[in-house]
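Heads up: the structure comes next, in structure tokens.
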Amino acid sequence: MIDITLKDGTVKSYEPGITVLEVAKDISPGLAKVTLAGELNGNLVDICQPISEDSTLNLLKFEDEGGKHAFWHTGSHLLAQAVKRLYPQALLAIGPAIDRGFYYDIDMDVIVTPEIMEKIEKEMAKIVKEGFVIERSEMSRSDALAKVTKEGEIYKEELIENLPEDAIISFYTQGEFSDLCAGPHISDLKSIKAIKLMSLAGAYWHGDEKNKMLQRIYGITFPKKSQLTDYLELLEEAKKRDHRKLGKELDLFSLHEEGPGFPFFHPKGMIIRNELENFWREEHQRRGYEEIRTPMMLNSELWKRSGHWDHYKENMYFTEIDDCEYAIKPMNCPGGMLIYKRKGHSYRDLPLRMGELGSVHRHELHGALHGLMRVRNFTQDDAHIFMTPDQIKEEVIKVIDLADDVYKIFGFTYRVELSTKPENSIGSDEDWETATDALRDALVTKGIDYRLNPGDGAFYGPKIDFHLEDSLGRTWQCGTIQLDFQMPELFDLNYIGSDGEKHRPAIIHRTILGSIERFFGILIEHFGGKFPVWLAPIQVIVIPVADVHHDFAQSVANELKEIGVRASCDYRDEKLGYRIRDAQMQKIPYMLVVGDKEAEGGDLALRMRDTGDTGLISLDDLKEKLIEKIKTKSLTLD
RNA sequence: GCUGAUGUGGCUCAAUUGGCAGAGCAGCUGAUUUGUAAUCAGCAGGUUAACGGUUCAAGUCCGUUCAUCAGCUCCA
């Protein structure tokens, strides 16, 4: 007998060879029905997987990440099967499950159109009705190769050839279709009750732009029809939060053909930007940062020295002044180096934290531009920390804490990544190792979960990145902490140590918000345009009932302006309902309706963005509430 | 840059097989003086992204360019 430890800690004894599904059945037939895959000793497995030794087992349903994964992975096989039926000459590349559904990369001459997608979708539904079960089989390397070669599946051939020597090569078969796959998969196509092919895109084989571009079809499937409806609704809701849409509706910013990737900020958008920057300055002053500003354009010689010329030239804009070549800065660091070098430094000055809200220009590919999230001109909330080697860990931790504090203010959750040495980099392997270890060490000390992102560091050093989510769940890098031993060498930076000798400082390059533009975009989507009071462009709008109340409305607004509240009056000759609707759509947090009653009685009728009419409040109480909400950067209105 | 899609007043969208570019909102003018999500009427607003082509006739068909959208690649 073997002992199987379940997720809740209970231990059950079974005959060796019992399958995951049989364990589920033993617990309850209902559970068996919804179990899609298993997590056996930490590995994802099929439900038909026999268990031969003492194990821990977690039964995975659609609600579990692993269950979804198996379900969607099978969705991708179903998609491939349908495509192969309709277009037998199509060659299959890869078809993984992703966070929301799955895709399959396919090489075929026929260009997939929306009509063809519909046809494929119908074929998928038909296949489901045919009721195939899915079977796993293992093959030797040579048999597997022979199989895919015979089928002419050149991409599969390459995949197999690249598998490690000791890899178990498995195929999953459903009806006439079988595909190379590590699994796990669900066991029965019939549990797929809803299918939707979502979109179409080109994707390079192996993600390398030198390779052929394949057609990638994205889709999603669900065990219940209602889940698809709910999902599509969720996407509709997310569209309403899109910062590009809200930016227009709330008149915050705009983009024009005359300057693709160069955003224009409108008066209301500037209020939010300025509030963000004020907040940023306060936080940084408190934590011992000084602020600097470096020029937008600098001589190309500087960029040659910094390594940008060799490693970043494709992303830079150039111009000429008096026959000399100049570059528009894509990063703030070289300018910061010059400021450090302007005078000698003692170890007593370190760590030296120099912040800069620096506007940088980068030539991003035309197809990569995306609202405020990816632009060609943005303001980094940059800072360079010059320090002695033994200050590194403490400084990295301080930046991590700063980022956490700042994100908390907005109620963001974030993901952390550690990126290591890229191919196109400068500096010795030893330096890279030291730097990477230092960052990892700081993360471990803070007990932060992070994802490793090999080869994705900056050209001068490894980095810790902070990723925030947009309304569709796409993540964007915002904060970053990059450790750099190279710039100090290239710029011959030094400080005088307690021994009276010259020493090399190390540098942290870091941002917290990342780019003000991107952060603003995330902020808009995060709040759905309903900004907390401290950020709202208009915090209070006073709406007089009729003309005779204009003076009173004005006096109320003035009193609020006195204490620094952004208050305005809506004097338009429109009905009350119209002006309230307008204020609601502008997502103004507080509305004050003033008429005869208020002018006589003193108390004011307050309406809040989310809760509607909330009754009367005295002007003094209102002032106190506003001051409190703004000062504490409260995320709520009442 | 690559793949696919899209581009019509400030915004949201109409316009049969190629056959007189239209509506709502916003704007302006006037009436209306309003009590918690749209008062009524009138006026104005367009070289249909740009350029070229086919045609008696192009918003519609073809080509080129630009921009936008979904991805790929890249990245804050």
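In the text below, chain A, chain B and the rest are named by the order of the sequence lines, each starting its count at 1.
Look at NZ on A:Lys210: it is 17 Å from P on B:rU3, rounded to the nearest Å. Taking atom CG of residue A:Leu232 and atom C1' of nucleotide B:rA70, one finds them 16 Å apart after rounding to whole Å. The separation between A:Asp570 atom CG and B:rA37 atom C1' is 13 Å, rounded to whole Å. Between A:Leu472 atom CG and B:rG71 atom P there is a gap of 7 Å when expressed in whole angstrom units. Rounded to whole Å, the distance from CE on A:Met108 to C1' on B:rU3 is 14 Å. Between the CG atom of A:Leu369 and the P atom of B:rC72 there is a distance of 15 Å, rounded to whole Å.
Here the separation of B:rA57 from B:rA38, taken at their C1' atoms, is 43 Å to the nearest Å. Separation of the P atoms belonging to B:rA31 and B:rU68 is 45 Å when rounded to the nearest angstrom.
The shortest non-hydrogen separation linking A:Met487 to A:Asp484 is CG-OD2, 2.7 Å. Scanning all heavy atoms of the two residues, the minimum distance from A:Asp382 to A:Arg510 falls at OD1-O, 3.3 Å.
Judged by distance alone with a 3.5 Å cut-off, a donor-acceptor contact links the side chain of A:Arg374 to the base of B:rC75. Taking 3.5 Å as the limit, the base of B:rG1 and the side chain of A:Tyr204 contain a donor-acceptor pair of atoms between them. Applying the 3.5 Å distance criterion, the base of B:rA37 shares a donor-acceptor pair with the side chain of A:Arg607.
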Next item on the list: Quick one: do A:Asp251 and A:Lys268 satisfy salt bridge (Lys or Arg N to Asp or Glu O under 4.0 Å)? Show the steps, please.
Entry: CA-CA 7 Å; A:Asp251 198 18; A:Lys268 284 180 183 164; 5.3 Å; no
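At the phosphate of B:rC69, OP1 or OP2 sits under 4.0 Å from a side-chain N or O atom of A:Arg244. Distances shown here put every side-chain N or O of A:Lys575 at or beyond 4.0 Å from the OP1 or OP2 atom of B:rC40. Between A:Arg216 and the phosphate of B:rA70, there is no side-chain N or O to OP1/OP2 separation shorter than 4.0 Å. Phosphate contact (OP1/OP2 of B:rA70, side-chain N/O of A:His370, threshold under 4.0 Å): present. Side-chain nitrogen and oxygen atoms of A:Tyr578 include none within less than 4.0 Å of the OP1 or OP2 phosphate oxygen of B:rC40. Proximity of A:His256 to the phosphate of B:rA67: no side-chain N or O atom is located under 4.0 Å from OP1 or OP2. Distances shorter than 4.0 Å separate some side-chain N or O of A:Arg474 from OP1 or OP2 on B:rA70. At least one side-chain nitrogen or oxygen of A:Lys248 sits closer than 4.0 Å to the OP1 or OP2 atom of B:rU12. Look at A:Gln584 and you won't find any side-chain N or O under 4.0 angstrom from OP1 or OP2 of B:rA37.
Below 30°, between 30° and 60°, or above 60°: for A:Phe222 and A:Trp72 the angle between ring planes is above 60°, a perpendicular geometry. Using cut-offs of 30° and 60° for the angle between ring planes, the A:Phe253 and A:Phe265 rings count as tilted. Taking the six-membered ring where the residue is Trp, A:His77 and A:Tyr104 present tilted rings, their angle falling between 30° and 60°. Below 30°, between 30° and 60°, or above 60°: for A:His370 and A:His243 the angle between ring planes is between 30° and 60°, a tilted geometry.
The side chain of A:Glu598 has B:rG35 as its nearest neighbour among B:rC74, B:rG35, B:rA76. Counting only heavy atoms from C-beta on, A:Tyr218 has its side chain closest to B:rG71 among B:rG71, B:rG35, B:rA70.
For A:Gly207 and A:Ser515, each mapped to the nucleotide of RNA chain B holding its nearest heavy atom, the one lying further toward the 5' end belongs to A:Gly207. Comparing A:Met213 and A:Trp476, the nucleotide of RNA chain B nearest to each residue sits closer to the 5' end for A:Met213.
The residue from A:His284, A:His384, A:Glu395 that alone fulfils the side chain to side chain donor-acceptor pair (under 3.5 Å) condition with A:Arg353 is A:Glu395.
In this pair, A:Phe378 lays its aromatic ring flat on the base of B:rA76, centres within 5.5 Å and planes under 30 degrees apart.
Distance alone, capped at 3.5 Å, places no donor-acceptor pair between the A:Ser425 side chain and the A:Lys421 backbone.
Of the residues in residues 310-318 of chain A, not one comes within less than 4.0 Å of RNA chain B through any heavy atom.
Counting any heavy atom pair closer than 4.0 Å across all strands shown, A:Asp381 reaches no nucleic acid atom.
Remark: B:rU29 base-pairs with B:rA41; criterion is Watson-Crick or G-U wobble with both hydrogen-bond distances under 3.5 Å. Applying the Watson-Crick and G-U wobble criteria (two distances, each under 3.5 Å), B:rC20 pairs with nothing in any strand.
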